[in-house]
Undergrad: 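Attaching a single structure in structure tokens format; questions to follow.
As the structure is a prediction and not an experimental result, all values here were calculated from the model. Note that ligands are numbered from 1 as they come in the structure, with each ligand's atoms numbered from 1 the same way.
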Amino acid sequence: MSVHKNEVKIITTHQLQNMKERGEKISMLTAYDYSMATILDAAGIDVLLVGDSASNVMAGHETTLPITLDQMIYHASSVVRGVKRAFVVVDLPFGSYQGNSSEALRSTIRIMKESGAHGIKLEGGAEIKESVTRILSAGVPVMGHLGLTPQSIYKFGTYSVRAKEDAEAEKLLSDAQLLQELGCFAIVLEKVPASLAKKVAETLHIPIIGIGAGPHVDGQVLVVHDMLGINKEFKPRFLRRYADLHTIMTDAVANYVKDVKAQDFPNEKEAY
Ligand SMILES: Nc1nc(=O)c2c([nH]1)NC[C@@H]1CN(c3ccc(C(=O)N[C@@H](CCC(=O)O)C(=O)O)cc3)CN21
Ligand SMILES: CC(C)C(=O)C(=O)O
Ligand SMILES: [Mg+2]
């Protein structure tokens, strides 16, 4: 690939690894569509996650379970078209990989071929060892996801903080080590005690990206609609709101409605 003077450096798994080694934190947000991806990419985000949280945020489902592989591919291909620099990771949706490594590979190949994304993420540790191995052997970068794994919500029944007990914490650390040994390039840790996340980030050499996992990890991820304040209901302790787009958008739409009703829009300059 030729490198031109003004070309923006495309993020690779190697660069993410270098960032951990240099102590530069990795920034990651979700994106589900082209317009949002364009903005996030231009603003300098390192990694975009086409999360299965699209099931909640885009489609209005209660959980991440209903979203399909076809729907994830639609979101992912839209995101990829908006990106010039960020590394794009796609969640394998519920039912597309669990308990069947050949199906896991088939789902991954479809995502990579049909969306143009750069890697995939799946939830779990030892249980999904065969799937992870098989996907990695096809040359596809894999991101792990441990701690609160929303695709298993009905096994746990709550979205409460995970791995508070020693046994659960030990299992999480050994799962993280396993994922690293298999060859995963990074791991998301969701809603676990900061002290455990710190230990995992210090023990492993691959980047650990936290969401509700405290500051002592190698990067942070949030759902973009949450951090922009688009949805008002979701306010867990780990969320920081960087904007109140709910209010901005509501006011803008209310003003538009008012102007249309008052026949103030369109005016002469806005007509042909
Ligand atoms: N909009 C959105 N943001 C997310 O971060 C997100 C999704 N959707 N969907 C998929 C998963 C689910 N996630 C979640 C869900 C709930 C909590 C949570 O803290 N819920 C409650 C506390 C529940 C409890 O302690 O029992 C809260 O305080 O809102 C955290 C992450 C993270 N992901
Ligand atoms: C919350 C992040 C890590 C995720 O998996 C998603 O958005 O689906
Ligand atoms: Mg997810």
Side-chain angles (χ1 to χ4, degrees), residues 26-33 36-37 40 45-69 71-73 75-76 79 86-98 107-108 111 117 119-124 128 142-164 176 179 184-194 197 207-214 217-243 245-246:
I26 296 163
S27 63
M28 172 163 153
L29 283 172
T30 65
Y32 317 106
D33 69 83
M36 186 71 84
L40 306 184
I45 202 80
D46 298 313
V47 184
L48 282 183
L49 172 67
V50 184
D52 58 353
S53 52
S55 183
N56 309 93
V57 177
M58 293 283 104
H61 292 296
E62 274 290 317
T63 71
T64 58
L65 276 67
I67 199 162
T68 66
L69 183 58
Q71 290 165 340
M72 289 302 296
I73 290 169
H75 288 297
V79 167
F87 191 84
V88 179
V89 181
V90 184
D91 266 342
L92 285 188
F94 177 70
S96 74
Y97 64 97
Q98 288 94 344
S107 304
T108 299
I111 288 174
I120 61 94
K121 174 162 84 57
L122 25 60
E123 297 180 5
I128 55 157
V142 174
M143 181 180 273
H145 183 158
L146 298 169
L148 199 178
T149 48
Q151 292 179 12
S152 319
I153 183 59
Y154 293 116
K155 176 171 158 186
F156 296 98
T158 77
Y159 289 101
S160 56
V161 65
R162 297 297 198 262
K164 279 170 95 171
L179 291 172
C184 290
F185 73 93
I187 299 172
V188 165
L189 275 192
E190 180 165 350
K191 243 190 138 174
V192 299
I208 305 301
I209 316 283
I211 170 167
V217 286
D218 308 303
Q220 299 292 331
V221 58
L222 285 173
V223 167
V224 70
H225 291 68
D226 298 342
M227 62 83 75
L228 291 177
I230 294 177
N231 51 333
K232 278 191 132 155
E233 309 86 53
F234 189 76
K235 38 187 170 201
R237 174 192 170 100
F238 66 74
L239 177 62
R240 186 181 294 181
R241 288 234 171 91
Y242 285 85
L245 289 199
H246 188 278

Undergrad: Considering only heavy atoms, which of S55, G157, S160 lies nearest to atom 24 (C) of ligand 1?
TA: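 Of the listed residues, S160 has the closest heavy atom.
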Undergrad: Do N56 and I67 have side chains that approach each other closer than 4.5 Å (heavy atoms only, starting at C-beta)?
TA: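 No, every pair of side-chain atoms sits at 4.5 Å or beyond.
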Undergrad: Please confirm whether the backbone N or O of T64 pairs with a side-chain atom of D52, one donor and one acceptor, at under 3.5 Å?
TA: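 Checking the backbone N and O of T64 against the side chain of D52, no donor-acceptor pair under 3.5 Å is found.
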Undergrad: Look at ligand 1 and say whether H225 reaches it with a heavy atom at a distance under 4.0 Å.
TA: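 No, H225 has no heavy atom closer than 4.0 Å to ligand 1.
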Undergrad: Would you say ligand 2 has an N or O under 3.5 Å from any N or O of Y32?
TA: no
Undergrad: Pairing donors with acceptors under 3.5 angstrom, does anything connect the side chains of E190 and Y159?
TA: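 Per modelled atom types, E190 and Y159 side chains form no pair under 3.5 Å.
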Undergrad: What atoms of ligand 2 come closer than 4.0 angstrom to any heavy atom of I211?
TA: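 So the answer, numbered in order with elements, is 1 (C).
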Undergrad: Does ligand 1 come near enough to K235 that some N or O of the ligand is less than 3.5 Å from an N or O of the residue?
TA: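 So ligand 1 has no N or O lying under 3.5 Å from an N or O of K235.
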Undergrad: Do me a favour and list the nearest non-hydrogen protein atom to atom 12 (C) of ligand 1 with residue, atom name and distance?
TA: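 Of every protein heavy atom, P150 CG, 3.7 Å lies nearest to atom 12 (C) of ligand 1.
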Undergrad: Just to confirm my output: which protein heavy-atom neighbour is closest to atom 20 (N) of ligand 1, and how far is it?
TA: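 For atom 20 (N) of ligand 1, the nearest protein heavy atom comes out as Y159 CB, 3.9 Å.
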Undergrad: Of the protein's non-hydrogen atoms, which lies at the shortest distance from atom 6 (C) of ligand 2, and what is that distance?
TA: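 It is S53 OG, 3.3 Å.
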Undergrad: Between R162 and P193, what is the shortest heavy-atom contact and its length?
TA: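 Smallest interatomic distance, heavy atoms only, reads O-CD, 3.1 Å.
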Undergrad: Could you check if a side-chain atom of V90 sits within less than 4.5 angstrom of a side-chain atom of K121, using non-hydrogen atoms only?
TA: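 Heavy-atom side-chain distance check fails, nothing below 4.5 Å.
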Undergrad: So does L146 get a backbone contact from the side chain of T149, meaning a donor-acceptor N/O pair under 3.5 Å?
TA: no
Undergrad: What's the shortest heavy-atom distance between E123 and I128, and which atoms?
TA: O-CD1, 3.5 Å
Undergrad: Mark up the atoms of ligand 1 that fall under 4.0 Å of a heavy atom belonging to V57, in ascending order.
TA: 1 (N)
Undergrad: If you count the atoms of ligand 2 from 1 in the order shown, which ones are under 4.0 Å from a heavy atom of G51?
TA: 6 (C), 7 (O), 8 (O)
Undergrad: How about N231 and H225: do any of their side-chain heavy atoms sit closer than 4.5 Å?
TA: yes
Undergrad: Quick one: nearest non-hydrogen protein atom to atom 4 (C) of ligand 1, plus distance?
TA: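 For atom 4 (C) of ligand 1, the nearest protein heavy atom comes out as V223 CG2, 3.3 Å.
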Undergrad: Could you list the atoms of ligand 2 found under 4.0 angstrom from a heavy atom of L49?
TA: 2 (C), 3 (C), 4 (C), 5 (O), 6 (C), 7 (O)
Undergrad: Can a non-hydrogen atom of E123 be found less than 4.0 Å from any atom of ligand 2?
TA: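 Contact check E123 vs ligand 2: negative.
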Undergrad: Just checking, is any N or O donor in the side chain of T30 or Y32 under 3.5 Å from an acceptor N or O on the other one?
TA: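 Yes, a side-chain donor-acceptor pair sits under 3.5 Å.
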Undergrad: Quick one: nearest non-hydrogen protein atom to atom 30 (C) of ligand 1, plus distance?
TA: F238 CE2, 3.5 Å
Undergrad: Where is the nearest protein heavy atom to atom 13 (N) of ligand 1: which residue, which atom, and how far?
TA: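 Sorting protein heavy atoms by distance from atom 13 (N) of ligand 1 puts E190 OE2, 3.2 Å first.
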Undergrad: Using only atom types and a distance under 3.5 Å, with no angle test, would you say the side chain of S107 pairs donor to acceptor with the backbone of S96?
TA: yes
Undergrad: Looking only at N, O or S atoms, find the one in D91 nearest to the Mg ion (ligand 3) and name it.
TA: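 Nearest to the Mg ion (ligand 3) within D91's N, O and S set: OD2.
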Undergrad: Give me the atom names and distance for the closest heavy-atom approach of K191 to V161.
TA: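 Shortest heavy-atom separation between K191 and V161 comes out as O-CG2, 3.3 Å.
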Undergrad: If you measure from each non-hydrogen atom of T30 to ligand 2, which part falls under 4.0 Å: side chain, backbone, both or neither?
TA: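 For T30, only side-chain atoms sit under 4.0 Å from ligand 2.
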Undergrad: If the cut-off is 4.0 Å to any non-hydrogen atom of K121, which atoms of ligand 2 fall inside it?
TA: 4 (C), 5 (O)
Undergrad: Ring pair (Phe, Tyr, Trp, His ring centres under 6.0 Å) between F94 and Y154: does it pass, once the steps are laid out?
TA: CA-CA 12 Å; F94 177 70; Y154 293 116; 8.8 Å; no
Undergrad: Hey, does D91 have a side-chain heavy atom less than 4.5 Å from the side chain of L122?
TA: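 No. Closest side-chain heavy atoms not under 4.5 Å.
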Undergrad: What protein heavy atom lies closest to atom 8 (O) of ligand 2? Include the residue and the distance to one decimal.
TA: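 The closest heavy atom on the protein side is D52 OD1, 2.8 Å.
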Undergrad: Checking contacts here: is it the side chain or the backbone of T64 that comes within 4.0 Å of ligand 2, counting heavy atoms only? Could be both or neither.
TA: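 None of T64 does.
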Undergrad: Considering only the protein, which heavy-atom contact is closest to atom 19 (O) of ligand 1, and what is its distance?
TA: K191 NZ, 2.6 Å
Undergrad: Does any donor atom in the side chain of Q151 or Q98 lie under 3.5 Å from an acceptor atom in the other side chain?
TA: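 There is such a pair between these side chains.
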Undergrad: Give me the residue, atom name and distance of the protein heavy atom closest to atom 28 (O) of ligand 1.
TA: P236 CA, 3.7 Å
Undergrad: Measure the distance from atom 1 (N) of ligand 1 to every protein heavy atom, then report the residue, atom name and distance (to 0.1 Å) of the closest one.
TA: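 Here the nearest protein heavy atom works out to D226 OD1, 3.1 Å.
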Undergrad: Should you measure from each heavy atom of D91, which atoms of ligand 2 turn up under 4.0 Å away?
TA: 4 (C), 5 (O), 6 (C), 8 (O)
